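In this text, all values refer to a predicted model and were calculated from it rather than measured experimentally.
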Amino acid sequence: MRIQLPIVSVNNDSHHGGRAALTCRFRCGDACFHEVPNTTTNPYVGDVIADALSRRTVMRAAAVVTAATAVGASATVAAPKASAAESAAATAATSTRHASRGARGLRFEPVAPNTADTVTIPDGYAQNVVIRWGEPILRGAPAFDPENQTADSQSKQFGYNNDFLALLPLPGEHNRQILVANHEYTDEVLMFRGYDAANPTKQQVEVAWAAHGLTAVVVEGDRRSGKLTPVPRHPLNRRVTATSEFKVTGPAAGSDLLKTSADPTGTKVLGTLNNCSGGVTPWGTTLHGEENFNQYFANATRATDKRYGLGTGATERKWERFDKRFDVAQEPNEPHRFGFVVELDPYDPTAKPRKRTALGRFKHEGATVRLTDDGRPVVYSGDDERFDYFYKFIGSKRMKKGSSRAVREHNLSLLDEGTLYVAKLTGDSPAIEIDGSGKLPADGEFDGSGEWIPLATATAKGAVSHVEGMTADEVFVFTRLAGDKVGATKMDRPEDIEPNPHTGKVYVALTNNSNRGVGANAKADEANPRNANKHGQILELTERWNRADSKKFAWTLFLVAGDPSDPATYFAGFPKDDVSPISCPDNVAFDSYGNLWISTDGNALGNHDGLFGVATRGDRRGELKQFLTMPNGAETCGPVIQDRRVLVAVQHPGEIDGATAEKPLSAWPDGAGKINRPAVVAVWRKDGCDIGV
């Protein structure tokens, strides 16, 4: 039977999909409450989508409708209340049915939607907290003391608000791996007792700088379970913060647009900010997307600043009081040095991280890589803003195999040369069939076609713009404006984008857009089929001939999220009475069977965020099952799916309106009355077998 949603009372603001206002303040600078940065008149997705629908889908949809009709009467008539014994028996039967069948890798009992203040996992599974904010990882780091944090101690400890996670192999060290984590943002209200938002202290600001950035830490697995523990003081352990030095590479390096009084060369930057999701490259490095960097910069007035969401007054954190580089009036080019993809070499703790300007500057949710048939990198990245775009970079240099120093240096140059593209979806679907309710069109599926529009090409000899009226430097620094000029397709918050390693199909998480169809905003269309869309959807993109370097693609909506009892939802044609409710898809990953795993951010159904697995092919395609849920106020990030272990980042636990460091509104992870600490959690089967088999 369909997993029922509990009845809960929750004050969800549609502008941020159920997310607390406290989160909006500190994570993105209340971006959803500001004017939409994209004010161009480009066509919205549904204004240009084709009626290019698959006939096989019509048949499948008809079968689904028939099945739904068969259960519809019983679903809409109140059933007699079952006794406690009957309910227990039904629950046990359902649990056995869910755990014993399903796609390989997804054979577990789904976790019911809930509001429990814990990480809830399936029966038969166990978990441990791998590492928390403030745990020492470098030599000389003190034990965590929230009452006496300093910038020096924090720079040697695990950072705050872990988001993207990667686990990389560590040859020669049995049962050990390198864990790499992003630290997206700080929430000073929850970090510091007695915090005065109007007058932060210099020490608090410097601790926050040190709590941003990246961590690389070696972790060791327990031989008898999936438990992971950090290895303090390992020589590969590393912290990168908001004051670490970065190398700027690619076509915009040295541009006048990147030069500041502190860096007249335009080739080195201090720090990385608001790193959200990321990716792992085939050559063994990690990529990290700088997302809501706009919120850290004060006193911006230019049109280009407005297009990137920079504010005209003081910032939330008041960093501009302590370092002039955060004051655009004093350092107008400093914000141009953020909003890139960062590449980190976890195997060389002495190497400077690099900001890859060839991948463009926007609010990168992350960056994921696949290779062309001849070994060139292709990088997908979404711009996480209402009505903004998603992009693809096709490299021109081939990856080399091997581990020599020369090979590694060659591969570390792969993301500096190639062409940057933006997506444009085309077609002519009858507008009358898209009524804003989410009802499927007559041919049974939301889908269409599209093309990649070139923006600029970078070579070893220089860069060339493909956008009329813009130089190459301008394209790579003001990439949003380049997308505007070529008429890219506006989307509903494109977040994580992941290619399926088994099929090559690419999945785009579109988290939500409650402004759809509200007031003068564009109404529902085929790729965004609901007005006031609070729950989001996932788009499945198939490159022509399944070639990563193709310039054209087909697309379909794989999932339209929400409560399965809502007619406005869609699960790739799978019967909706047998799937978990899901809202606000954010980060995605794949397991070794090709199943898509989805973490959520801002569940607008009144329940806590969670992690879900869904089959992408076969007769169970679209069967979605919830694997875990988060504690109070937390967002599901990460995730890493291994055969015998699942890792998630529990971000901003207790981040609920009214919460403070003195009065936490969650007891996770260390018990009642303790300060909330973002952390990484590992989950495994108690019997030692693979996840979901």
Are the side chains of [Y] and [X] in contact, using a 4.5 Å heavy-atom criterion?
{"X": "V508", "Y": "Y380", "value": "no"}
{"X": "T600", "Y": "I582", "value": "yes"}
{"X": "V646", "Y": "L611", "value": "yes"}
{"X": "L167", "Y": "V219", "value": "yes"}
{"X": "I598", "Y": "L596", "value": "yes"}
{"X": "E184", "Y": "N275", "value": "no"}
{"X": "P499", "Y": "T368", "value": "yes"}
{"X": "V680", "Y": "V129", "value": "no"}

Could R677 and D670 be called an ion pair, given the rule that one side-chain N must be under 4.0 Å from one carboxylate O?
yes
Would you call E343-R354 a salt bridge at under 4.0 Å N-O?
no
Measure from the ring center of [X] to the ring center of [Y] and say whether it is less than 6.0 Å.
{"X": "F158", "Y": "H183", "answer": "yes"}
{"X": "W319", "Y": "Y296", "answer": "yes"}
{"X": "H364", "Y": "F390", "answer": "no"}
{"X": "Y308", "Y": "F362", "answer": "no"}

What's the spacing between [X] [atom1] and [Y] [atom2] if we round to 0.5 Å?
{"X": "I497", "Y": "L510", "atom1": "CD1", "atom2": "CG", "result": "8.5 Å"}
{"X": "T243", "Y": "L270", "atom1": "OG1", "atom2": "CG", "result": "7.0 Å"}
{"X": "D601", "Y": "C584", "atom1": "CG", "atom2": "SG", "result": "7.0 Å"}
{"X": "S381", "Y": "L287", "atom1": "OG", "atom2": "CG", "result": "9.5 Å"}
{"X": "S580", "Y": "N607", "atom1": "OG", "atom2": "CG", "result": "11.0 Å"}

Under 3.5 Å donor-acceptor, [X] side chain and [Y] backbone:
{"X": "H288", "Y": "L214", "answer": "no"}
{"X": "E320", "Y": "T315", "answer": "yes"}
{"X": "Q642", "Y": "R644", "answer": "no"}
{"X": "N237", "Y": "P235", "answer": "no"}
{"X": "D384", "Y": "P494", "answer": "no"}
{"X": "Q154", "Y": "A151", "answer": "no"}
{"X": "D690", "Y": "V693", "answer": "no"}
{"X": "S244", "Y": "T241", "answer": "yes"}
{"X": "R685", "Y": "A126", "answer": "no"}
{"X": "N603", "Y": "D609", "answer": "no"}

Ignoring hydrogens and geometry beyond distance, is a side-chain donor-acceptor pair present between [X] and [Y] at under 3.5 Å?
{"X": "R493", "Y": "N512", "answer": "yes"}
{"X": "D117", "Y": "S666", "answer": "yes"}
{"X": "D152", "Y": "T150", "answer": "no"}
{"X": "Q295", "Y": "E316", "answer": "no"}
{"X": "S599", "Y": "T636", "answer": "no"}
{"X": "E495", "Y": "T511", "answer": "yes"}
{"X": "Q177", "Y": "E220", "answer": "no"}
{"X": "N632", "Y": "E655", "answer": "no"}
{"X": "W668", "Y": "N676", "answer": "no"}
{"X": "T201", "Y": "Q203", "answer": "no"}
{"X": "D345", "Y": "T285", "answer": "no"}
{"X": "Q157", "Y": "R239", "answer": "no"}

For [X], is the [atom1] atom crowded, meaning more than 12 foreign heavy atoms sit under 6.0 Å from it?
{"X": "K268", "atom1": "NZ", "answer": "no"}
{"X": "R193", "atom1": "CZ", "answer": "yes"}
{"X": "K318", "atom1": "NZ", "answer": "yes"}

Shortest non-hydrogen separation from [X] to [Y] and the atoms involved:
{"X": "F108", "Y": "P122", "result": "CD1-CG, 4.1 Å"}
{"X": "L138", "Y": "S155", "result": "CD1-O, 3.8 Å"}
{"X": "P353", "Y": "V342", "result": "CB-CG1, 4.0 Å"}
{"X": "P639", "Y": "A589", "result": "O-CB, 3.7 Å"}
{"X": "Y160", "Y": "P678", "result": "CE1-CD, 3.6 Å"}
{"X": "G594", "Y": "N500", "result": "O-ND2, 3.2 Å"}

Report the C-alpha separation of Q651 and D163 in whole Å, then their side-chain angles, then the decisive distance to 0.1 Å, and conclude whether the side-chain hydrogen bond (donor to acceptor under 3.5 Å, both in side chains) test is met.
CA-CA 7 Å; Q651 195 187 68; D163 197 299; 3.2 Å; yes
Mind telling me whether Y125 and F627 have parallel, tilted or perpendicular rings, with 30° and 60° as the class edges?
perpendicular
Test side chain to side chain donor-acceptor pair (under 3.5 Å), reference K363, set E290, E385, E291, output is E385
Quick check with a 6.0 Å cut-off and a 45 degree axis cone: is K355 positioned over the face of F340's six-membered ring?
no
Hey, does the Lys NZ or Arg CZ of K625 hover above the aromatic six-ring of F612, less than 6.0 Å from the centre and inside 45° of the axis?
no
Verdict with reasoning, E173 to H234, per side-chain hydrogen bond (donor to acceptor under 3.5 Å, both in side chains)
CA-CA 12 Å; E173 298 195 30; H234 191 283; 3.0 Å; yes
Which is it for T629 and N114 under the side-chain hydrogen bond (donor to acceptor under 3.5 Å, both in side chains) test, yes or no, and what are the steps along the way?
CA-CA 7 Å; T629 58; N114 64 74; 3.2 Å; yes
Go through the steps for S592 and D643 under the test side-chain hydrogen bond (donor to acceptor under 3.5 Å, both in side chains), then give the verdict.
CA-CA 7 Å; S592 60; D643 287 345; 2.7 Å; yes
